[in-house]
Colleague: 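Have a look at the structure that comes next, please.
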Amino acid sequence: MNKYNHKEIEQKWQEKWQKDNAFKIDKDDNSKPKYYILDMFPYPSGDGLHMGHTESYTASDVYYRFKKMQGFNVLHPQGFDAFGLPAENFAIKTKVHPAETTEKNINTYIGQMKMLGLAYDFDEKAITSDPKYYKWTQWIFEQFYKNGLVYKKTSKTNWCPSCQTVIANEQVVDGKCERCGTEIEQKEVPSWFFKITDFADDLIEGLKKIDWPEHTKKNQVNWIGKSEGAEIEFRIQNSEFKIKVFTTRPDTLFGATYMVLAPEHPIIENLENRIQNLDEVKNYIERAKNKTEMDRIEGKEKSGVELKGIRAINPANNEEIPIFIADYVLGGYGTGAIMAVPAHDERDWEFAKKYDLKIEPVISPMIVQNPDYSVKHSEQKSVINFIADVREGKYCFAEVGYLVNSGKFNDSYSVAAKETITKEVGGKMTINYRLRDWSISRQRYWGCPIPIVYSPDGTAHLVPEEHLPWTLPADVDFVPTGTAPLAKSKELKERTEKIFGAGWTPEVDTMDTFVDSSWYFLRYPDPHNEKEFCSESRLKNWLPVDLYIGGAEHTYMHLLFARFFVKAMNKIGLVNFDEPFQRLRHQGMVLDAQGKKMSKSKGNVINPNDMVNRFGADSVRTYMLFAAPLEDEVMWNEDNIVGVYRFLEKVWKLNSKVKNQNSKSQFKIQNLLHKTIKKVSNDIDNLKYNTAVSAMMILINEMEKEEEIAQQDYENFLKLLAPFAPHITEELWQILGNTNSIHDESWPKFDENLMKDTSHTVVIQINGKVRGEIQIEEGTSDDDVKKLAMEQEASKKWMMGNEPKKIIYVKNKLVNIVI
RNA sequence: GCUUAGGUGGCGGAAUUGGUAUACGCGCAGCACUUAAAAUGCUGUCCUCUUAAUGGGGAUGCGGGUUCGACUCCCGCCCUAAGCACCA
């Protein structure tokens, strides 16, 4: 038999599978149970597939092959998130049209995926930049629009001076543009928004019924940031103006000794003529304006300026209190104004200490004023001292408790007082979210055009459905000038006037690419449909997605946006489910051998193609999954992959020990084989691939020691390995005389009878310490085992003549003699 | 600072969820094969005491606790990584 030649084998089978259309499925076949496994589709960058893709796509490919062998009709599609900035930036540099680069890159990716033996049917892919795809992105936009989920507003937005585009808060990383790393500026820009906040509660609630990692769910809940509180109005002295604040602690209202406004709070303009230190205030506002939100909240030291000459009235006790502006209060959260209670809020306390402001304690850990309240005198005294310390600024007490210095509310419990105090001062209980509506407008070229046109009076109208796809014009110069590239398209302008009339103008912004990727999984079941985004029957057959595998870095954006899309579409009646991904698992990052992130600048990026050439796709696939648990980081260590390569070589060589169908392997081997079948099946199902591979290695090491192996047993083993190493197993399968594909075989079943052990090793412990072991026959009675254990020399020695107080027997495992 | 995850040999990592800690793989050492090397196979490989075997003691970040028995559960502390950033 020849040496294991991975190159030859892998090329041979990849060509054969291609020729046989091995990865095609009948999407209307209802005779089998369905399973929909989804990968996060890649952005086709010029760098090609990276190791992170390799791990994640291999993980899903293994699951696909496993489920298929188990008799499921499995949909495991792939596509490309093809709109986006890199292609446009590349076009700016090289003048090569993004459509051209994108197509080239997609072909590279497809080639690489085939090289890895990934079983995708590329005739069924979805490409977001394809007009046949984005027609439906636009169509869904229009449905959202018609149902009041889209609105336009002019607002302060993050502006990336390098990309010349608006980016969402969620896409700002450390005050810098997520894509290019440039510092973000603030700019007033008109933008279209999706009302994701309408679904804030549903997005929290829906998490309860899906099988996602707990930390991912928690992170989404924190991101949405629901907080219950009250809105309360403070009057400004000698003026009709009022300032509304949001607070989660209305129970502390009596302790509000000053107010703080965000520098961008609109009321400041109205009061300018009364501000005595207007220059100082304007200066502060100007400085805050240039800071990004990140800068403002990152500063350790709080800063602020008092609005001199203006005072507010605390509605609870009618006291006059000063008003400050400070950039630690954000314009975009709550009402952009707070009441400051330094005695009971850490941030307010810090600010009050710095500017020497009054601190008034209004919450006590226990009731102090009620004379009937039966607590010891000494305890009363210490609480009174504690309150005095809080007033002096020694501590900040941010807990709940009992009210003091709060007039008629004294002694009431702070949780109960929230509502009564709010009512008393005419405020109302409200719920506030950290989540903001999703700004989707981008002043970029390479994106999905927003299907909106404006009549001569400036009113927005949807482009009627019959004109979809509303195509991206080709006659555009990409060089950014601060105005949207589409504004320069003659074709788009003429098209608009031709259809709608003279003076009509097109919307020139394109959509955030997260819009494209928020619904792509709905397209895969029916990617060629020109009449619907997906037919009703295919939707019903395939959705929701059963298993979604991808990186945890998408927790806040993609995964939240996709859930919003499905919830919105469900509300409109376009789909009949409200959670897109039933089960979600993350894969960890792939690091270099030193445990560092791979990056171009560090020059430690590893190209999957090189690895496949050197070790073969089967080794690369198996090693990626063997090296660490799927959700953990994997260090790509070239020295370690040889272990997997040797394993595959052993599998290969073992073929020469295979004896014909009628022979039987030793019981020992059959026993281990069936245990392995059970373990590998369970492990794959739970995506614990590392231990599945290890179990197969153990089996092979045992089989290797035998003179001969029954063909049936060897074949069963090959089936277990087939999802991980599809090429070598297919080749060996054929060498054994089979004419069909191993990947069309059914998954081996384990035989409980063959898994039973005839004897067991039982460990003997004296007082919990291991002192020996005995072999017992299967079926030995508990009493006999205990007796046997007591009779051992070692036991006698360690019992030192003592009678056991207690004997614990764990069936077939352990006897613990307690003396 | 907050949140989440984690801390087990020289390294990547196992441990049936409270029952022999260190499976499997890498590396290392020795042996066999070879003119030699590579490759391959075999043996050994947590630390420590004892010349050594037998055997003993210790060890899952640190300190306590529960239990016949703890990597696993509880309390306190330390450290690492990732994410989030004053959310009123």
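Computation of the quantities below employed the complete heavy-atom set of this structure, encompassing side-chain atoms and omitting hydrogens, waters and symmetry-equivalent molecules. Proteins come first, then strands; the chains are lettered A, B, ... in the order of their sequence lines, and each starts at number 1.
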Colleague: To the side chain of Ile808(A), which of rC86(B), rA14(B), rG19(B) is closest?
Modeller: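 Closest of the options to the side chain of Ile808(A): rG19(B).
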Colleague: Starting at OH of Tyr689(A) and ending at P of rG25(B), how long is that distance when rounded to a whole Å?
Modeller: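 Value for this atom pair: 22 Å.
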Colleague: What is the distance, rounded to the nearest whole Å, between atom CZ of Arg771(A) and atom P of rG69(B)?
Modeller: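 Spelled out: CZ on Arg771(A) to P on rG69(B) is 14 Å.
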Colleague: Measure the distance from NE2 on His760(A) to P on rU20(B) and round it to the nearest whole Å.
Modeller: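 Spelled out: NE2 on His760(A) to P on rU20(B) is 15 Å.
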Colleague: Choose from rU4(B), rC24(B), rC26(B) the nucleotide whose nearest atom is closest to any side-chain atom of Lys218(A).
Modeller: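 Per side-chain heavy atoms of Lys218(A), the pick is rU4(B).
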Colleague: Does any part of the side chain of Thr247(A), heavy atoms only, come nearer than 4.5 Å to the side chain of Ile232(A), both counted from C-beta?
Modeller: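 Of all side-chain heavy-atom pairs linking Thr247(A) with Ile232(A), at least one is under 4.5 Å.
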Colleague: Please give, in whole Å, the distance from rC24(B) P to Phe647(A) CZ?
Modeller: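 The distance from CZ of Phe647(A) to P of rC24(B) comes to 13 Å, rounded to the nearest Å.
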Colleague: Measure from the side chain of Asn701(A), starting at C-beta and using heavy atoms only, and say which of rC24(B), rC26(B), rU3(B) lies closest.
Modeller: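 So the nucleotide nearest the side chain must be rC24(B).
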Colleague: Would you mind telling me which of rC26(B), rU20(B), rU3(B) lies closest to the side-chain atoms of Asn222(A)?
Modeller: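 Closest nucleotide among those given: rU3(B).
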Colleague: Met696(A) CE to rG25(B) C1': how many Å, rounded?
Modeller: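 Rounding to the nearest Å, CE of Met696(A) and C1' of rG25(B) are 13 Å apart.
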Colleague: Check every atom of rA85(B), rA15(B), rG25(B) against the side chain of Lys688(A) and return the nucleotide holding the closest atom.
Modeller: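 Nearest nucleotide to the side chain: rA15(B).
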Colleague: What is the distance, to the nearest angstrom, from the CE atom on Met589(A) to the P atom on rA81(B)?
Modeller: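 Value for this atom pair: 13 Å.
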Colleague: Measure from CD on Gln220(A) to C1' on rU4(B) and round the result to the nearest Å.
Modeller: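 Distance check: Gln220(A) CD to rU4(B) C1' gives 14 Å.
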Colleague: With the side chain of Asn816(A) defined as its heavy atoms from C-beta on, choose the nearest nucleotide among rC26(B), rC68(B), rU3(B).
Modeller: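 So the side chain of Asn816(A) is nearest to rC68(B).
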Colleague: Is there a Watson-Crick or G-U wobble partner for rA81(B) with both distances under 3.5 Å, and if so, which one is it?
Modeller: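 Per the H-bond distance test, rU4(B).
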Colleague: State the syn/anti category of rU66(B) according to its glycosidic angle, syn meaning within 90° of 0.
Modeller: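 Here rU66(B) takes the anti form, which means its glycosidic angle is more than 90° from 0.
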Colleague: With a 3.5 Å cut-off and heavy atoms only, can you find an N or O donor on one side and an acceptor on the other between the side chain of Asn640(A) and the base of rC26(B)?
Modeller: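 Between rC26(B) and Asn640(A), which were checked side chain against base, a qualifying N/O pair under 3.5 Å is absent.
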Colleague: When syn is taken as a glycosidic angle within 90 degrees of 0, is rG9(B) syn or anti?
Modeller: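 With its glycosidic angle within 90° of zero, rG9(B) counts as syn.
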Colleague: Quickly work out the Tyr258(A) OH to rA88(B) C1' distance and round it to whole Å.
Modeller: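 Going from OH in Tyr258(A) over to C1' in rA88(B) covers 11 Å.
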Colleague: Select from Glu633(A) and Val770(A) the residue whose nearest nucleotide in RNA chain B is closer to the 5' end of that strand.
Modeller: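 Nearest-nucleotide comparison on RNA chain B picks Glu633(A).
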Colleague: Side chain of Gln765(A) only, heavy atoms from C-beta on: which candidate in rA88(B), rC24(B), rU20(B) is closest?
Modeller: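 Of all the options, the side chain of Gln765(A) is nearest to rU20(B).
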Colleague: Might you confirm whether atom CD of Glu791(A) has over 12 heavy atoms from other residues, nucleotides or ligands at distances under 6.0 Å?
Modeller: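 Atom CD in Glu791(A) is packed in, count exceeds 12.
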